[in-house]
Amino acid sequence: MGSVLIISVIILGLLGILFGIGLYIASKKLAVEVDPRVEKITDLLPGANCGGCGNPGCAGFAEKLAQGEAEVDECPVCGAEAKKLICDVLGMEMKESEPNIAVIHCQKETSPPRFEYDGDKTCAAANIVNGGFTTCNFACLGFGDWR
């Protein structure tokens, strides 16, 4: 009975060593080389993964930047300091650009009401009632607050 146990342990140990060697060889032979700049750029990006740049996330955007298929300014979330550091990693000069700021100018002048609203004069309160009282295409309720 004891010899069966010892033989089983030896066989399992040898199988473990064999599979370990196989995994080591496979990891070396099937390794995918990654541009080291991609990791540096990914660390410098904000990590919002918002898709605002048109890529599936910050890692995808970093790959496109490293390949020269995208511009640093395409990230709407990245700050000027981070953009400068990314340009340093890529060995290019940063272009100065104006930040994009969304502003809705209608303030209910161009959107007729769907019904009369007499509640609290904040967008948060007005939005609770049937999704707002105006027909504005930008979801503007006209009170000027951002909530």
Gap between atom [atom2] of [Y] and atom [atom1] of [X] - 0.5 Å precision:
{"X": "Leu85", "Y": "Leu90", "atom1": "CG", "atom2": "CG", "value": "11.0 Å"}
{"X": "Lys83", "Y": "Leu45", "atom1": "NZ", "atom2": "CG", "value": "10.5 Å"}
{"X": "Glu71", "Y": "Met92", "atom1": "CD", "atom2": "CE", "value": "5.0 Å"}
{"X": "Ile11", "Y": "Ile7", "atom1": "CD1", "atom2": "CD1", "value": "6.5 Å"}
{"X": "Lys84", "Y": "Leu44", "atom1": "NZ", "atom2": "CG", "value": "11.5 Å"}
{"X": "Arg37", "Y": "Glu63", "atom1": "CZ", "atom2": "CD", "value": "12.0 Å"}

message: I want to check something: taking the side chain as every heavy atom from C-beta on, are Cys75 and Pro46 in contact at a cut-off of under 4.5 Å?
response: yes

- prompt: Any side-chain heavy-atom pair from Cys78 and Ile86 closer than 4.5 angstrom?
  reply: yes

Is it the case that one hydrophobic cluster holds both [X] and [Y], taking links as side-chain heavy atoms less than 4.5 Å apart, direct or via other members?
{"X": "Val34", "Y": "Leu30", "result": "no"}
{"X": "Val9", "Y": "Ile17", "result": "no"}
{"X": "Val89", "Y": "Val38", "result": "no"}

Over all atoms of both residues, closest heavy-atom pair of [X] and [Y]:
{"X": "Ala70", "Y": "Leu65", "answer": "O-CD2, 3.6 Å"}
{"X": "Phe61", "Y": "Val72", "answer": "CZ-O, 4.1 Å"}
{"X": "Cys53", "Y": "Pro76", "answer": "N-CD, 4.0 Å"}
{"X": "Ala62", "Y": "Thr42", "answer": "CB-OG1, 3.2 Å"}

query: Should the heavy atoms of other residues, nucleotides or ligands under 6.0 Å from CD of Glu93 be counted, would the total exceed 12?
result: no

field: Within 6.0 angstrom of Glu74 CD, more than 12 heavy atoms from elsewhere
entry: yes

